[in-house]
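Just so you know, these numbers come straight off a predicted model, no measurement behind them.
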Amino acid sequence: MPDETERARMVDDLDLMDRLVHHTLDHLRSEASLGTREPLDLASLIQTVVDRFDDLGQVVPFESAARVQVRGDPIALERAIGNLVENACKYGGEATIRLTRRGPDAIIEISDRGPGIPAAQRDRLREPYVRGDVARRLEAQDGFGLGLAIADTIVKRHGGRLELDDAVPHGLVARIVLPVA
């Protein structure tokens with residue numbers, strides 16, 4: 001194609017479509033059965049996520065009040081936690097992770113200081129390809145609205161739940177609640 005500008009636009013469109021297809025496949029894979037469930041030390045798993053973000057230049061403070069073990073697919077849980085941390089960094093400017101145990105539950109809280117998500121939109125944003133107001137203002141290469149849907153699916157497949165609450169004084173807390181092993 002001789003027109004340099006038109007060729008660049010076409011390559012950008014193809015790149016965007018390629019990323020959309022890959023993200024869609026990732027979502028479909030998360031809906032498929034989980035891998036092998038094994039005993040996992042959540043603090044170690046979370047530290048792996050924290051280290052990955054640190055390698056990318058994003059400091060993610062992590063506080064653990066307890067050693068908590070769950071049974072699960074380590075790759076899937078790492079993906080779910082990573083998606084929530086990425087969202088907190090992207091839309092809330094930063095992420096902080098806290099791990100606690102409350103009775104029979106392991107609690108992983110990922111907090112940010114961004115604008116949060118209005119309560120009326122929280123359930124809808126768990127659906128694939130739905131993006132919130134802040135995300136819609138970002139470029140398409142910043143996401144397709146699958147990260148929260150994938151995290152929610154993975155957590156549910158582990159017998160847990162994903163809660164989204166307001167952070168104080170502002171921001172969002174994404175809380176993963178999993179049964180302990």
Spatial distance of atom CD1 (I176) from atom CG (L84) [nearest 0.5 Å]: 5.0 Å
Q69 side, atom CD; L45 side, atom CG - distance, nearest 0.5 Å: 12.0 Å
D73 to I75 - nearest heavy-atom pair and separation: OD1-N, 3.0 Å
Residue list, side chain to side chain contact (heavy atoms under 4.5 Å, CB included) with D166, at least two apart or on another chain: R122
Check: V60 and D54 side chains under 4.5 Å, non-hydrogen atoms: no
Close side-chain approach of V177 and L162, heavy atoms under 4.5 Å: no
Donor-acceptor pair, side chain of H158 and main chain of T153, under 3.5 angstrom: no
Residue pair A106 / V68: nearest heavy atoms and the distance that separates them: CB-CG1, 3.3 Å
Any Y91 side-chain heavy atom under 4.5 Å of D112 side chain: no
Donor-acceptor under 3.5 Å (D105 side chain, I107 main chain): no
Could you go through residues 93-102 and list every donor-acceptor pair under 3.5 Å that involves a side-chain atom there, pairing it with any protein atom two or more places apart or in another chain?
from : atom 1 : to   : atom 2 : distance (Å)
E94  : OE2    : R113 : NE     : 2.9
R101 : NE     : G103 : O      : 2.8
R101 : NH2    : G103 : O      : 3.4

Under the side chain to side chain contact (heavy atoms under 4.5 Å, CB included) test, residues paired with P169 that sit two or more places apart: none
Spacing of CG belonging to N83 relative to NZ belonging to K90, to within rounding of 0.5 Å: 9.0 Å
Close side-chain approach of R79 and L77, heavy atoms under 4.5 Å: no
Shortest non-hydrogen contact between L172 and A167, atoms and distance: N-CB, 3.7 Å
Least distance between heavy atoms, F53 atom then E86 atom: CZ-N, 3.7 Å
Apart from V173 itself, residues in the same hydrophobic cluster as defined by side-chain heavy atoms under 4.5 Å: none
Heavy-atom side-chain proximity of R157 to I154 below 4.5 angstrom: no
Sequence-distant partners of D41, side chain to side chain contact (heavy atoms under 4.5 Å, CB included), two or more places apart: A43, S44, R67
Residues in salt bridge (charged side-chain N to carboxylate O under 4.0 Å, His left out) contact with D152, at least two apart in sequence or another chain: R126, K156
Residues which pass salt bridge (charged side-chain N to carboxylate O under 4.0 Å, His left out) with D51, listed by chain and number, not counting sequence neighbours: none
Closest non-hydrogen atom pair, P74 against G72: CD-O, 3.4 Å
H170 versus G114, closest heavy-atom pair with distance: ND1-O, 3.6 Å
Value rounded to 0.5 Å, distance of CD1 in I81 from CD1 in I110: 6.0 Å
Where at least one partner belongs to residues 170-181, residue pairs that pass salt bridge (charged side-chain N to carboxylate O under 4.0 Å, His left out), sequence neighbours excluded: E109-R175, E163-R175, D165-R175
